[in-house]
Amino acid sequence: MPKSIFRAGSGPSLPPKRKHDSITPSTPGPVQEGPAQKKQRTQGPAAGPQPTVQKPPTDPSMHAAYDKMAHEEMLKNPKYKQLADDAAAAQDKPVNVSTMTQVQGGMFYPGKGQVGLRPDFTGPKRASVMAFELTNVAQQSKFKKVREDAFQTEINAALGKNVVGGDLNARRENFAKSMERIEYNGIQRHHEVMKDGIQNQGWPKEMDRFGKRLEGADPSFDSYWKRQNDKDTKTGKSHSDVYRAQFDNIHAKAAELVEKSKQQQGVK
């Protein structure tokens, strides 16, 4: 893979190139023949006008060229290509990747059909997170079914009908757990794709962000679910709290819809 694709970044606001920021083993530069020249103490700054210091880019798509090149290079891996195809088919169009300011490392925004990645994510880490978000896109039908089933259940609950899943708190937990299970399946697929790329395309080992988890801390969904409920020290919320908030929104919309229907029918 060309060295320029998986560097830390080219913008002045991004960190410099670090070790292992290339997805393929780097080729050592030419060795200088003869003894190295010592720098003279009297040597001053280069004559002539000095380059203007550029301001950090503010364009949210400042990684666009990098993301496009990285994606196209990873498409050479059959498993990644199949993942990208599944993601595109899930939303009937290619996935758009953009730099976003967000707490989570990566997020998929269904309405925009867009994957958002944090601006400080560069090199192999950025490419790896991008690939993981594609697994979420590819599983949109599964996420959608869980949301639709939850909405129908909350409609029935608002109508006073008997519903499965227990009380409101239990239904909220079941919703979050179901969504996290889908993500866990995505992690397993991500591991398969990254492992194949490492073995066959020479990708850096750190691309397989979840390999050690699946073999160590998260050998099963139960251990994964427990860790997803650990609170973030900065936000005070866990990853699963995102899905609990989604459920509360579904519950509120269902209750609102039933209330409006009753008012229109004159039912108290």
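Computed from a prediction, not measured in an experiment: that's the story for all the values here. For reference, positions follow the sequence shown, starting with 1.
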Visitor: Start with the C-alpha distance between H71 and Y80, add both sets of side-chain angles, then the distance that settles side-chain contact (heavy atoms from CB on, under 4.5 Å), and finish with yes or no.
Guide: CA-CA 9 Å; H71 173 69; Y80 180 84; 2.8 Å; yes
Visitor: Run the ring-centre check on H191 versus F210 and record whether the distance is less than 6.0 Å.
Guide: no
Visitor: Identify, with sequence neighbours excluded, every residue that meets salt bridge (Lys or Arg N to Asp or Glu O under 4.0 Å) alongside K260.
Guide: E256
Visitor: Who clusters with F151? Use side-chain heavy atoms, under 4.5 angstrom, across I, L, V, M, F, W and Y, and order the result by chain and number.
Guide: F143, V146, I155, L159, L168, F175, M179, I182, Y243, F247, I250, L257, V258
Visitor: Can you find a heavy atom in the side chain of H190 that is under 4.5 Å from one in the side chain of S128?
Guide: yes
Visitor: Just to verify, what does Y184 make a ring pair (Phe, Tyr, Trp, His ring centres under 6.0 Å) with, not counting sequence neighbours?
Guide: F221, Y224
Visitor: Are any of the side-chain nitrogens in R244 or D248 under 4.0 Å away from the carboxylate oxygens of its partner?
Guide: no
Visitor: Given D196 and N77, is the side chain to side chain donor-acceptor pair (under 3.5 Å) satisfied, shown in steps?
Guide: CA-CA 8 Å; D196 193 77; N77 178 275; 2.8 Å; yes
Visitor: Does atom NZ of K231 have more than 12 heavy-atom neighbours, drawn from other residues, nucleotides or ligands, at distances under 6.0 Å?
Guide: yes
Visitor: What verdict does the side chain to side chain donor-acceptor pair (under 3.5 Å) test give for Q228 and S240, after you've listed the backbone C-alpha separation in whole Å, the side-chain angles of each residue and the deciding distance to 0.1 Å?
Guide: CA-CA 6 Å; Q228 293 304 88; S240 297; 5.6 Å; no
Visitor: Which atom names give the shortest non-hydrogen contact between A87 and V95, and what distance separates them?
Guide: CB-CG2, 3.9 Å
Visitor: Is a salt bridge present between D120 and R126, judged by a nitrogen-to-oxygen distance below 4.0 Å?
Guide: no
Visitor: Counting N and O atoms only, with roles assigned by atom type, does the side chain of Q140 sit under 3.5 Å from a partner on the main chain of N136, one being a donor and the other an acceptor?
Guide: yes
Visitor: Between the side chains of D167 and R171, is the shortest nitrogen-to-carboxylate-oxygen separation below 4.0 Å, so that they form an ion pair?
Guide: no
Visitor: Would you check if Q114 and M107 make a side-chain contact, meaning some heavy-atom pair closer than 4.5 Å?
Guide: no
Visitor: Any carboxylate oxygen within less than 4.0 angstrom of a Lys/Arg side-chain nitrogen, looking at E206 and R209?
Guide: no
